[in-house]
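Scroll down for the structure; my scribbles are underneath it.
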Amino acid sequence: MKPVTFEAYQLLRDGLVEFSGMEANGICVDVERLTANIQEVEGRVKQLTAQIRQTDVWRLWLKIYGGKANMGSRPQLARILFKELGFKGEQNHDTNRYILDEATLANIDHPFCKMFLEIERWKKLHGTFLLGLQREVCDGYLHSFFNLHIARTYRSSSDSINFQNIPIRDQEVGAYIRSCFIPRGKDRVLVELDYSGVEVLVAACYHKDPTMIQYIENPGKDMHRDMAAQCYKLKPKQVTKQLRYCGKNMFVFPEFYGSYYAQCAVNLWNALDSMSLTLEDGTRVKDHLAAKGVTKLGSVSDYKPEPGTFMDHLKDVEDDFWGRRFQVYGRWREDWFESYLKNGGFNTLTGFRIDGIYGRNDVINYPIQGSAFHCLLWSFIQISRQLRRRKMDALLVGQIHDSILADVHVSCVQDYLILAKEIMVDRLMEHWKWIIVNLKIEAEVTPVGGSWHDKKKVDDIYKFAL
DNA sequence: TACTTCGGCGCC
DNA sequence: AAAGGGCGCCGAAGTA
């Protein structure tokens, strides 16, 4: 850990103090609800397990493994699927073990795999989240740790339990665990404030790419939509919400983090079937691509994609992405890495030094990830101090990289929202002159008597009313 | 029994 | 030339 400016040292020191306060505050847990949810999920796991034991595959499993047969063992299941039932499986090149992750199982067309994934989904909720929380909760409160001395990027981490990976994407699973987090009183609510797209904004502060800045500053422009259009050979207007999601999470972000066209192509191509991608008028995107002359995924050999395939197309999209559209960003990545090779390290915009042996992707990603978190950290410190100074009935209870969770009395929700916005956007931009794009935040508030799962977006914090 | 390693997966 | 960044936790399986 090496803050190279006094200010960077102060940021960690003050952050440590405020995080300690937050840990002591803790977050209120509905213990009865937690117990009930554990019961319910255990019941579901038992029922699904009984069901899967009736299948032929499980009978085969028992025949081969006898008393050692373990429904939770993926290595055992891999043997059944790939050695006994003849499905094609990939192996880890170093260990020769079969890969049997969710994507692999989802692509095997067999009901047993679907059932297995369903059970795993609920077991993950049960073991990691519900029992984990029950183990750590004390007198109705959870006091997770929030560390500032762990991550190589100078981000934070959290443990006992990790408060930064509570399920939310899978709404059904998320509900079981998030409904256990509640405000510490009948007349209070939870308020969550997060920076929107802060890593993209902070990246722009490093590379200053004019095209990227236009995308950021112009609300009519949409990078993810445009890239989805290009990847699937569509007009931007044809891009549905689902297609935009694919552009964002299967091309744009992977490219930012250092993936490359061949990997993106596989994911975008598999999504055509697995997500049944269609246009507004019902046309299958796969058929649309076929009409444009692209009928095969294709592969790469001798560093060259097979001509005329989707793979080949994605190579063109990538070349265009870094070589033309975001060429300043692309050049920054090369220059930044060159400079690292020459100097053996680099400094972040927030005043930290990162020395040591790192790969290209690390060198490009660390400063962005770290500085983005430091925006949150600086705001967190200021908000926490102001709440004390103004004797407001609001406590900070959690932090998730780019968001702050507070437990607020109904009488001061609006004051809290306005104070926090002022600090997170206006004062932070005054404080760090290197922030050259406008920061934005989103607010979510739970109903009175609701849980973290019930949080709802606030349209306009200045017109907020409970 | 206690500990470590690995694969996998939850979040940003 | 290489090819997805950061964490923490779980269960399985191997080792001492």
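Predicted model only: the values in this text are computed from it and were never measured.
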Starting from P on dC11(B), measure out to CZ on Phe253(A) and report it in whole angstrom.
-> 16 Å
For the base of dG10(B), is there a side-chain donor-acceptor partner from Asn165(A) under 3.5 Å away?
-> yes
Does the side-chain ring of Tyr257(A) sit on the six-membered ring of the dG4(C) base, less than 5.5 Å centre to centre and under 30° in tilt?
-> no
Measure the distance from CH2 on Trp122(A) to C1' on dC9(B) and round it to the nearest whole Å.
-> 16 Å
Give one of base, sugar-phosphate or nothing for Thr95(A), where a contact means two heavy atoms less than 4.0 Å apart.
-> sugar-phosphate
Please determine if Arg79(A) forms a cation-pi arrangement with Tyr65(A), meaning its NZ or CZ atom is less than 6.0 Å from the six-membered ring centre and no more than 45° off the ring axis.
-> yes
Quick one: the side chain of Arg74(A) and the base of dG7(B), do they pair up donor-acceptor inside 3.5 Å?
-> no
Base, sugar-phosphate alone, or nothing: which one does Asp94(A) contact when heavy atoms must sit under 4.0 Å apart?
-> nothing
So what does Asn365(A) touch, heavy atoms closer than 4.0 Å: a base, only the sugar-phosphate, or nothing?
-> sugar-phosphate
So does Lys315(A) pair up with Glu318(A), basic N to acidic O under 4.0 Å?
-> no
What is the nucleic acid contact for Glu199(A), judged by heavy atoms within less than 4.0 Å: base, sugar-phosphate only, or nothing?
-> nothing
Would you kindly give the NZ-to-P distance between Lys124(A) and dC11(B), to the nearest whole Å?
-> 9 Å
Ignoring backbone atoms, test whether Asn361(A) places a side-chain nitrogen or oxygen under 4.0 Å from the OP1 or OP2 oxygen of dG4(C).
-> no
If you measure from the C1' atom in dA3(C) to the same atom in dG10(B), how many Å do you get, rounded?
-> 25 Å
Please work out if Gln76(A) contacts a base, only the sugar-phosphate, or nothing of the nucleic acid, heavy-atom cut-off 4.0 Å.
-> sugar-phosphate
For a side chain to side chain contact (heavy atoms under 4.5 Å, CB included) with Ser156(A), tell me which candidate from Phe146(A), Phe373(A), Phe145(A) qualifies.
-> Phe373(A)
Establish whether the base of dC12(B) is bridged to the side chain of Arg155(A) by a donor-acceptor pair shorter than 3.5 Å.
-> yes
Show the numbers, then the answer: is there a salt bridge (charged side-chain N to carboxylate O under 4.0 Å, His left out) between Glu444(A) and Lys457(A)?
-> CA-CA 4 Å; Glu444(A) 290 163 301; Lys457(A) 270 216 176 75; 5.2 Å; no
Answer with base, sugar-phosphate or nothing: what part of the nucleic acid does Ser160(A) contact at a heavy-atom distance below 4.0 Å?
-> sugar-phosphate
Of Ile161(A) and Tyr261(A), the one whose closest DNA chain C nucleotide lies more 5' | Tyr261(A)
Exceeds 12 heavy-atom contacts within 6.0 angstrom, atom OH of Tyr9(A) | no
Return the value, rounded to whole Å, for the distance between atom CZ of Arg178(A) and atom P of dG10(B).
-> 13 Å
Give a yes/no answer on whether the side chain of Ser73(A) brings an N or O atom under 4.0 Å of OP1 or OP2 in dA12(C).
-> no
Does any N or O donor sit under 3.5 Å from an N or O acceptor when you compare the side chain of Gln369(A) with the base of dG5(C)?
-> yes
Heavy atoms under 4.0 Å, any strand shown: does Ile364(A) hit a base, just sugar-phosphate, or nothing?
-> nothing
Please state whether the phosphate of dC10(C), meaning OP1 or OP2, lies under 4.0 angstrom from any side-chain nitrogen or oxygen of Arg135(A).
-> yes
Which is true for Tyr366(A) with a 4.0 Å heavy-atom rule: it touches a base, it touches only sugar-phosphate, or it touches nothing?
-> sugar-phosphate
When you get a sec, tell me which of dC9(B), dG8(C), dC12(B) is the closest nucleotide to the side chain of Asn147(A)?
-> dG8(C)
Determine the contact category for Ile168(A): base if any of its heavy atoms lies under 4.0 Å from a base atom, sugar-phosphate if only primed atoms, P, OP1 or OP2 are that close, otherwise nothing.
-> sugar-phosphate
Please find out if less than 6.0 Å separates the ring center of Phe326(A) from that of His207(A).
-> no
To the nearest Å, give me how far apart CZ (Arg333(A)) and C1' (dA2(C)) are.
-> 12 Å
Look at the side-chain N and O atoms of Thr153(A) and state whether any lies under 4.0 Å from the OP1 or OP2 oxygen of dC7(C).
-> no
Checking all strands, does Leu125(A) fall into the base, sugar-phosphate, or nothing category for heavy-atom contacts under 4.0 angstrom?
-> nothing
Contact summary for Tyr195(A) and Met424(A), nearest pair of heavy atoms = OH-O, 2.7 Å
Write down the distance between CZ (Arg97(A)) and P (dG11(C)), rounded to a whole number of angstrom.
-> 18 Å
For Asn162(A) and dC12(B), give me the distance from atom CG to atom C1', rounded to whole Å.
-> 10 Å
Rounded to the nearest Å, what distance is computed from the NZ atom of residue Lys248(A) to the P atom of nucleotide dC12(B)?
-> 10 Å
